[in-house]
Amino acid sequence: MKMIREVIFRRMREGDAPSAARMEAACSREAWSVGAFVSAVRDENALYLVAEREGQLVGCCGIWQSFEEGDICNVAVEQSCRRKGIGEAMLTELMRLAKQRGVKDFTLEVRSGNEAAIRLYEKLGFQMEGIRKGFYSNPREDALILWKRSGL
Ligand SMILES: CC(C)(COP(=O)(O)OP(=O)(O)OC[C@H]1O[C@@H](n2cnc3c(N)ncnc32)[C@H](O)[C@@H]1OP(=O)(O)O)[C@@H](O)C(=O)NCCC(=O)NCCS
C-alpha cells in the first residue's frame, strides 16, 4: 500500500469490481464488465491496483504479465480527480510492483486521439513503436502501440 497526499494505492479486490466497472464506463469506450474485473483480480498473471480517496475508488489500472513483458490496461482516473498526479503515481506504483514480479518491458495501446493519456505515457517514458490501423471502433480510430523497455 502506498500513499500520495490523501490518495491510497492498493491492490484491487473482488469487492471493488462494481466500482471499477462503473468508473471505467464513465471514462472509456472500452470499459470492462464487473465480471471481467473479478476474473482479472482472480488471475495470477494479472495485477490490478485502485486509487482510493476517502473510501471512494477514484482510479484503477492493471497489468497482464507474460514472462518479462507486461501489458498495461484499464487505466482510468475519475473525471473530478484528474490533473492531480494520480494517474502518474498509480502507474508508477503498478510498474514498481510488476518489476518485483519480473516484468522488464511494458507495453500498452492507446487511441491515437487520446492526447491526455499519450502525454501521460510519454512522461512515464513510453515510446511509440507501432500503429494498429482502425483498431478501435465507435468511433473507428487507430491504436498507438507504446513500449517502455528496461534497456532504454
Ligand atoms: C489519462 C488519465 C488516466 C490521466 O490521469 P490523471 O490522473 O489526470 O493524470 P496525471 O494528473 O497523473 O497527469 C500526469 C501527466 O500526464 C499528462 N496529462 C494528463 N492529462 C493531460 C491532459 N488532459 N492534457 C495534456 N496532458 C495531460 C501531463 O503530462 C501530466 O503531467 P503534468 O500535470 O505535470 O503536466 C485520465 O485523463 C483518464 O482517466 N482519462 C480517461 C480514460 C483514459 O483515456 N484512459 C487511458 C486509456 S489508454
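Nothing here was measured: the structure is a model prediction, and the numbers come from that model. Whatever order the structure lists them in is the order used to number ligands and atoms, beginning at 1.
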Q: Under the criterion salt bridge (Lys or Arg N to Asp or Glu O under 4.0 Å), I'd like the reasoning laid out for Asp16 against Arg10: C-alpha separation, chi angles, the key distance, then a yes or no.
A: CA-CA 11 Å; Asp16 297 314; Arg10 61 164 175 80; 2.8 Å; yes

Q: Tell me which one of Ile72, Val103, Val75 satisfies side-chain contact (heavy atoms from CB on, under 4.5 Å) with Leu94.
A: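 The residue from Ile72, Val103, Val75 that satisfies side-chain contact (heavy atoms from CB on, under 4.5 Å) with Leu94 turns out to be Ile72.
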
Q: Could you tell me which non-hydrogen atom of Val77 sits nearest to which non-hydrogen atom of Cys27, and how far apart they are?
A: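 Minimum heavy-atom contact is O-SG, 3.6 Å.
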
Q: Would you indicate which of Glu109, Arg82, Met23 comes nearest to atom 40 (N) of ligand 1 when only heavy atoms are counted?
A: Arg82

Q: Any nitrogen or oxygen of Cys27, main chain or side chain, under 3.5 Å from a nitrogen or oxygen of ligand 1?
A: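 No; every N/O pair is 3.5 Å or more apart.
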
Q: If we ignore hydrogens and angles and just use 3.5 Å, is the side chain of Glu141 paired with the main-chain N or O of Gly113 as donor and acceptor?
A: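 Present.
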
Q: Judged on heavy-atom distance to atom 29 (O) of ligand 1, which of Glu88, Lys123, Met90 sits nearest?
A: Lys123

Q: Distance to 0.1 Å, residue and atom name: give those for the protein heavy atom nearest to atom 2 (C) of ligand 1.
A: Leu120 CD2, 4.3 Å

Q: Using a heavy-atom cut-off of under 4.0 Å, does the side chain or the backbone of Lys84 touch ligand 1, or both, or neither?
A: backbone

Q: Name the one of Arg119, Lys123, Arg82 that satisfies salt bridge (charged side-chain N to carboxylate O under 4.0 Å, His left out) with Glu88?
A: Lys123

Q: Using a 4.0 Å cutoff against the non-hydrogen atoms of Ala76, which atoms of ligand 1 qualify?
A: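 Counting from 1, the qualifying ligand atoms are 39 (O).
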
Q: My understanding is that only one of Met95, Glu93, Met12, Met90 makes a side-chain contact (heavy atoms from CB on, under 4.5 Å) with Cys61; could you say which?
A: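 Passing option: Met90.
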
Q: Take atom CD of Glu122 as the centre, draw a 6.0 Å sphere, and report whether it contains more than 12 heavy atoms from other residues, nucleotides or ligands.
A: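 Yes, because the 6.0 Å sphere around CD of Glu122 holds more than 12 heavy atoms from other groups.
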
Q: With salt bridge (Lys or Arg N to Asp or Glu O under 4.0 Å) as the criterion, how do Arg111 and Glu30 come out once you've worked through the C-alpha distance, each side chain's angles and the decisive distance to 0.1 Å?
A: CA-CA 10 Å; Arg111 280 183 181 267; Glu30 286 78 40; 2.7 Å; yes

Q: Starting from atom 5 (O) of ligand 1, locate the nearest protein heavy atom and write down its residue, its atom name and how far away it is, to 0.1 Å.
A: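 Looking only at protein heavy atoms, the one closest to atom 5 (O) of ligand 1 is Val77 CG2, 3.7 Å.
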
Q: Nearest protein heavy-atom contact for atom 7 (O) of ligand 1: which residue, which atom, what distance?
A: Gly87 N, 2.8 Å

Q: Of all the non-hydrogen atoms in the protein, which one sits nearest to atom 26 (N) of ligand 1, and at what distance?
A: Arg119 CB, 3.4 Å

Q: With respect to atom 11 (O) of ligand 1, which of Gly85, Ala26, Ala31, Cys60 exhibits the smallest heavy-atom separation?
A: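 The residue whose heavy atom sits nearest atom 11 (O) of ligand 1 is Gly85.
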
Q: May I ask which of Asn114, Asn74, Leu124, Ile118 has a heavy atom nearer to atom 44 (O) of ligand 1 than the others do?
A: Asn114

Q: Can you tell me the protein heavy atom closest to atom 48 (S) of ligand 1 and the distance?
A: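 Nearest protein contact, heavy atoms only, for atom 48 (S) of ligand 1 is Tyr121 OH, 3.2 Å.
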
Q: For atom 23 (N) of ligand 1, what is the nearest protein heavy atom, given as residue, atom name and distance?
A: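 That would be Ala116 CB, 3.4 Å.
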
Q: Give a yes or no on this: more than 12 heavy atoms of other residues, nucleotides or ligands lie within 6.0 Å of atom CD of Gln100.
A: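 Atom CD in Gln100 is packed in, count exceeds 12.
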
Q: So, is Arg83 polar-close to ligand 1, with some N/O to N/O distance under 3.5 Å?
A: yes

Q: Hey, can you tell me if Tyr48 and Trp32 have their rings parallel, tilted or perpendicular (30° and 60° cut-offs)?
A: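 Tilted: the ring planes of Tyr48 and Trp32 meet at 30° to 60°.
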
Q: Backbone, side chain, both or neither: what part of Ala117 comes under 4.0 angstrom of ligand 1, heavy atoms only?
A: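 The answer is both, backbone and side chain.
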
Q: Quick one: nearest non-hydrogen protein atom to atom 45 (N) of ligand 1, plus distance?
A: Val75 O, 2.7 Å

